[in-house]
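For reference, the structure discussed in these notes is given below.
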Amino acid sequence: MSKPVYISEMFSSIQGEGMLAGRRQIFVRLMECNLDCTYCDTDFKKSDVFRLESRPGSGLFLTLPLPLSCHEISETFDGWLSQLPGAHHSVSITGGEPLLHADMLAEWLPEIRKKLPIHLETNGTRHDALRRVKQYVDYISMDMKLPSTAGCPEMLWDVHALFLREASGSNVSVKVVVGDHTTLDEIHRVCDIILSADAAVPLFLQPLSLSDDRVGITTAHLFRLQERASSRLADVRVIPQMHKMLGAL
Ligand code: SF4
């Protein structure tokens with residue numbers, strides 16, 4: 001019998017970050033996270049209910065009981081894809097940290113992937129779990145958590161390096177959230193990790209979004225960081241969180 005599916009929400013929106021920015025996706029958010037980033041604005045706590053958008057893109061939600069079966073989630077996908085044919089580019093598996101649920105993902109991603117390509121959004125700390133599911137994933141967006149913006153401990157550098165090594169060879173990109181306190185040394189360390197795994201991996205610098213919707217970095221500092229990263233890497237891009245500008249989910 002297949003494993004029950006625990007998710008916290010499922011909705012349709014425009015991807016606002018990283019390599020698939022601008023693509024319409026079905027977002028499936030999984031519960032729980034192993035980090036505690038200072039800028040986190042996501043409710044990922046464990047629950048026995050989940051939120052399902054009543055119509056894809058409506059922003060209106062039903063609250064329904066968990067768990068779901070793999071068959072039920074597959075039927076919901078089929079319904080949305082027939083309501084909006086061609087509208088969706090891919091499915092974004094996000095969190096929380098989705099790789100905390102590698103067993104569950106290994107069971108239902110192959111089924112979902114028959115319908116749309118799979119985009120995994122991860123905090124880049126679970127290289128062992130990635131090994132178990134990467135064969136079912138088409139795009140990997142990996143965060144590297146900088147002490148200056150996420151407030152995460154220094155030891156994450158080594159964890160991120162292991163993860164990116166495991167991900168290289170897949171279609172992976174790296175995103176870092178940068179703010180006024182981000183240092184050139186942090187950008188150097190990000191570059192070192194990318195260069196030691198695969199120099200062609202794209203790096204996205206994402207300006208920190210503050211709670212009052214302002215951006216938490218001056219343009220001059222953002223340019224300094226971009227110039228330093230671009231002096232070492234081939235593909236560096238700056239993209240703010242687009243979905244927030246649109247007022248989308
Ligand atoms: S990794 Fe993501 S979900 Fe987890 S605490 Fe950080 S921002 Fe929030």
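Start at 1 and go down the list; that is how both ligands and their atoms are numbered. When reading the values below, keep in mind they use all heavy atoms of this one structure, side chains included, and skip hydrogens, waters and symmetry mates. What you see is a predicted model, and the numbers here were worked out from it, not measured in a lab.
The tally of protein N/O/S atoms under 2.8 Å from atom 6 (Fe) of ligand 1 stands at 1.
Open room surrounds CG on Asp213; 12 or fewer heavy atoms of other groups in view lie less than 6.0 Å from it.
Closest of all the heavy-atom pairs between Arg165 and Ser168 is O-OG, 3.1 Å.
Annotation: side chain to side chain contact (heavy atoms under 4.5 Å, CB included) contacts of Ala106 (sequence neighbours excluded): Val133, Tyr136. Contacts of Asp192 classified as side chain to side chain contact (heavy atoms under 4.5 Å, CB included), with partners at least two apart in sequence or in another chain: Arg232. In terms of the side chain to side chain contact (heavy atoms under 4.5 Å, CB included) criterion, residue partners of His101 (sequence neighbours excluded) are, by chain and number, Leu30, Glu32, Met104.
Within ligand 1, counting atoms from 1 as listed, the ones closer than 4.0 Å to a heavy atom of Gly96 are 3 (S).
When atom types are taken as modelled, the side chain of Ser92 and the backbone of Thr94 share no donor-acceptor pair closer than 3.5 angstrom.
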